[in-house]
Amino acid sequence: MNQVLAEKLEYLPKSPGVYLFKDRTGRVIYVGKAKVLRNRVRSYFNKGEDGRYQYHRLVNAIADLEIIVTDSEIEALILESNLIKKNVPYYNVRLRDDKSYPYLKVTKGLFPRVFLTRKTPKDGSKYYGPYTDVKELRRFLRTFKGVLKIRHCNRTITPELIESKKYRPCLNYHIGRCAGACSGQISPDDYRRNVRHLINLIHGRDAELVTYLKTEMLEASRQQRFEEAAQWRDRLRQVENFGRQSAVSGLESPLLGDRDVIALACEDEDGCAALFQIRSGRIVGRSHFYLSSVFEKPPAEVLEAFLKDYYNRTESIPEEIFLPFEIYDTPVLTQWLTRRRGRRVRLEVPKIGDKARLVRLVTRNAELLLADLKLQKSKREFIHHALKALQRDLRLPKPPRRIEAFDVSNIQGRDAVASMVCFKDAKPLKSEYRRFKIRTVEGADDFAMMGEAVERRYKRISAEKKPLPDLVLIDGGKGQLNRAVKILNELGLDKIPAIGLAKKLEEVFLPGYPEPQNIPKNSSGLKLLCHIRDEAHRFAIDYHRNLRKKRTLAGELDAIPGVGEVRKKALLRHFGSLKRLREADAQAISAVPGISEKLAGRIHDNLHSKS
């Protein structure tokens, strides 16, 4: 820590506010808020740590500090959100591809325009969004701008221009998709009513519009304007069909009212927040937002950052927001949202019933969307994202494209075997799987068994000049790993990285480190290691069971006169297990080559006398 930074820490105020950490170039790398600036900022520089993977990297990068004092924690929250959006700090959670999310813009003026935009200047217009399902939103606008006769043109319309008859109605007017505002065919009040209906419809509030359409239809019918009544009828059907399509199947409880349901999925640096907008018991919007810089951040911190960012942008804030789990600053965030909405807002974590089921549905959507993002990234990259995560987590010189994993299996030293499985580019390469019958170890010594398997494997491939792995994975803790590393060193293969993976807590051990490594549980690299370790374990267990079965059968046959090694092997090959041999009658046994009917009867009698 430099002297300037140390002096600033000494004179921090005991007030709420925002702090900005900067690196040596003066770039803002982290923005945070605090109820008490002195306590929160100084906590970063204590000797302990806060449990986050990024902690040491962040603190080591801090070269300067700037604080902004606010009157309240709510003001600090608002300022924090704005500063994150402005500075895009490396260590803060951020929305990816921020500028790609469009808004629905309603301009001010006599006859407002309604269209999609990606820019939100403070020009007096109203903005709704952001939206991620742009295709669906465009389809909605194409349909209902025509139904409600909202203009598509960008003409500047004033009373003077209407009076001068400068504009003539366009084709949209003549085909019934525009009200002809430019030529004075509709009053400003009626036009703004139609715009209000459109905005209400997109937010799921269509009762007023349905009543209006029915009234106009019946009035036209009463006056025997049947062609016009049919047009009103068709518009009414479109609105009603839209409402039915967006209903929440099986969840039409009045308790649902106006709600946002938000869920989160995170893996490595990537996250996905899924959001369902429910208005009057209907899903009127499904959005998802990809997040970056979420690596090893607590899910509550990531979710809270998303809530601040999203609701700082949108004007559509419902009365209640369902979350999958508790966040840190619920009271402050609730007050801020209430102030933004102008009415009370509640944050709730449903535990049971339809509400909880809805949260689980949105969570599943978030997980699937994140998996799709990972798949798209894998297609774009030559190296699997999990291998890049392993390179980062284990500080390897290159991505471990070829991983070989070892495991041993025995029962108190008996029928001891080892397995080696190989994964290439995160996929099993079964042609390279190997199994070893332990030859030199007496008793239950897993360390020595692991050493024998590693030695036999790498002596052979070194002699045969076959490819060496980029990473050796040992199923076990420090003892098994140390024995494997010793063997590799003796063979002159000390440059091959080796790690141990303990089963109990999925702890990763590196050579020379007494404590397990702090690898995030949501790392795709750790998930891949566990998958490879489990495959090695399965392969070893299968081999051990086969040997045990054969040994049991061979032991039974050794006691039968006339059954030597050749006949014993023939029986083993034919039946495979003692159980199947016992179930066979004398005639089936005599079908084995080299077994006479007399000997078959003797084998049958001996086996059944011991059962």
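Owing to the predicted nature of the structure, the values given are computational and were not obtained by experimental measurement.
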| said: My understanding is that only residues two or more places apart in sequence, or in another chain, count here; which of them pass side-chain hydrogen bond (donor to acceptor under 3.5 Å, both in side chains) with Tyr543? | reply: none
| query | How about Glu490: does its CD atom have over 12 heavy atoms from other parts shown lying under 6.0 Å from it? | reply | yes
| Can you tell if the side chain of Ile327 reaches within under 4.5 Å of the side chain of Leu347, non-hydrogen atoms only? | yes
| Tyr91 and Phe21: aromatic ring centres closer than 6.0 Å? | no
| task | Grab the two heavy atoms, one from Ser590 and one from Ala600, that are nearest each other, plus how far apart they are. | result | N-CB, 3.6 Å
| said: With rounding to the nearest 0.5 angstrom, report the CG to OG distance, Asp542 to Ser419. | reply: 9.5 Å
| said: According to ring pair (Phe, Tyr, Trp, His ring centres under 6.0 Å), who are the partners of His288, at least two apart in sequence or on a separate chain? | reply: Tyr290
| remark: So CZ of Arg402 and CG of Leu387: to nearest 0.5 Å the spacing works out to 13.5 Å
| request: Look only at the side chain of Ser409 and the backbone of Val417, and say whether a donor-acceptor pair between them is shorter than 3.5 Å. | output: no
| message | Using side-chain heavy atoms (C-beta onward) and a distance below 4.5 Å, is His384 in contact with Pro399? | response | no
| In chain order, what residues pass the ring pair (Phe, Tyr, Trp, His ring centres under 6.0 Å) check against Tyr433, with sequence neighbours excluded? | Phe539
| field | Gap separating the CG atom of Asp309 from the CG atom of Asn92, nearest 0.5 angstrom | value | 10.0 Å
| remark: So CZ of Phe45 and CG of Leu9: to nearest 0.5 Å the spacing works out to 5.0 Å
| request: Please step through side chain to side chain contact (heavy atoms under 4.5 Å, CB included) for the pair Ser462 and Leu493, ending with a clear verdict. | output: CA-CA 9 Å; Ser462 296; Leu493 302 175; 3.8 Å; yes
| message | Taking Lys22's backbone N and O only, do any of them form a donor-acceptor pair with Asp64's side chain (distance below 3.5 Å, no angle check)? | response | no
| Which atom of Val362 lies closest to which atom of Leu275, heavy atoms considered | CG1-N, 4.4 Å
| Out of curiosity, Asn87 CG to Leu83 CG, how far, rounded to the nearest 0.5 Å? | 6.0 Å
| query | So, Asp329 side chain and Leu333 main chain: donor-acceptor pair closer than 3.5 Å or not? | reply | no
| task | Could I get the full list of ring pair (Phe, Tyr, Trp, His ring centres under 6.0 Å) partners for Tyr458, not counting sequence neighbours? | result | Phe406
| With sequence neighbours left out, what residues match Ala356 under side-chain contact (heavy atoms from CB on, under 4.5 Å)? | Pro350, Arg360
| task | Name all residues meeting the side-chain contact (heavy atoms from CB on, under 4.5 Å) criterion together with Glu326; count only those two or more places apart in sequence or in a different chain, and write none if there are none. | result | Thr330, Val349
| task | For residues 518-534, pull every pair meeting salt bridge (Lys or Arg N to Asp or Glu O under 4.0 Å), keeping only residues two or more places apart or in separate chains. | result | Glu267-Lys527, Glu506-Arg533
Solution key, residues 473-486 side-chain donor-acceptor pairs under 3.5 Å, sequence neighbours excluded:
unit_1: Asp475; atom_1: OD1; unit_2: Lys503; atom_2: NZ; d: 3.1
unit_1: Asp475; atom_1: OD2; unit_2: Lys503; atom_2: NZ; d: 2.7
unit_1: Lys478; atom_1: NZ; unit_2: Pro514; atom_2: O; d: 3.2
unit_1: Gln480; atom_1: OE1; unit_2: Gly477; atom_2: N; d: 3.3
unit_1: Asn482; atom_1: ND2; unit_2: Lys478; atom_2: O; d: 3.1

| query | Between Cys422 and Glu404, is any pair of side-chain heavy atoms under 4.5 Å apart? | reply | yes
| request: Evaluate side chain to side chain contact (heavy atoms under 4.5 Å, CB included) for Ser523 paired with Arg392, printing each intermediate quantity in order. | output: CA-CA 10 Å; Ser523 168; Arg392 175 200 64 210; 3.7 Å; yes
| field | Gln517 side chain to Leu394 backbone, donor-acceptor under 3.5 Å | value | no
| request: For Leu488 and Ala498, work out which heavy atoms get closest and say how close. | output: CD1-CB, 4.1 Å
| query | Given Glu432 and Lys424, is the salt bridge (Lys or Arg N to Asp or Glu O under 4.0 Å) satisfied, shown in steps? | reply | CA-CA 10 Å; Glu432 291 293 316; Lys424 183 73 178 293; over 6 Å; no
| field | From Phe423 atom CZ to Leu429 atom CG, the distance as rounded to the nearest 0.5 Å | value | 9.5 Å
| message | If the condition is ring pair (Phe, Tyr, Trp, His ring centres under 6.0 Å), which residues does His574 pass it with, not counting sequence neighbours? | response | none
| task | Give the C-alpha distance, both sets of side-chain angles, the deciding distance and a yes or no for side chain to side chain contact (heavy atoms under 4.5 Å, CB included) between Ile499 and Leu471. | result | CA-CA 8 Å; Ile499 63 170; Leu471 178 67; 4.1 Å; yes
| said: Which residues pass the side-chain contact (heavy atoms from CB on, under 4.5 Å) test with Glu464, not counting sequence neighbours? | reply: Arg460, Lys466
| query | Minimum heavy-atom separation for Ala386 to Leu528, with atom names? | reply | CB-CD2, 4.0 Å
| Residue pair Leu599, Ile589: steps toward the side chain to side chain contact (heavy atoms under 4.5 Å, CB included) verdict | CA-CA 9 Å; Leu599 180 56; Ile589 296 173; over 6 Å; no
| message | Please enumerate all residues that pass salt bridge (charged side-chain N to carboxylate O under 4.0 Å, His left out) together with Asp372, with sequence neighbours excluded. | response | none
| query | So which heavy atom on Thr363 is nearest to which on Pro324, and how close? | reply | OG1-CB, 4.4 Å
| query | Does a side-chain N-to-carboxylate-O contact under 4.0 Å join Asp425 and Arg401? | reply | yes
| remark: Hits for salt bridge (charged side-chain N to carboxylate O under 4.0 Å, His left out) against Arg434, two or more places apart or cross-chain, chain-then-number order -> none
| Is the backbone of Pro428 close enough, under 3.5 Å, to the side chain of Glu535 for a donor and an acceptor to pair up by distance? | no
| field | Min side-chain heavy-atom separation Leu264-Leu323 under 4.5 Å | value | no
| said: Are His544 and Ile411 packed together at the side-chain level, in the sense that at least one heavy-atom pair is separated by less than 4.5 angstrom? | reply: yes
| said: Side chains of Ile84 and Pro89, heavy atoms from C-beta outward: is any pair under 4.5 Å? | reply: yes
| said: What I'd like to find out is whether the side chain of Arg286 reaches to under 4.5 Å of the side chain of Asn365, using heavy atoms alone. | reply: no
| remark: Heavy-atom closest pair (Gly443 atom, Met449 atom, distance to 0.1 Å) is O-CE, 3.3 Å
| message | Are Val261 and Leu361 packed together at the side-chain level, in the sense that at least one heavy-atom pair is separated by less than 4.5 angstrom? | response | no
| Which of parallel (below 30°), tilted (30 to 60°) and perpendicular (above 60°) describes Phe306 and Phe289? | tilted
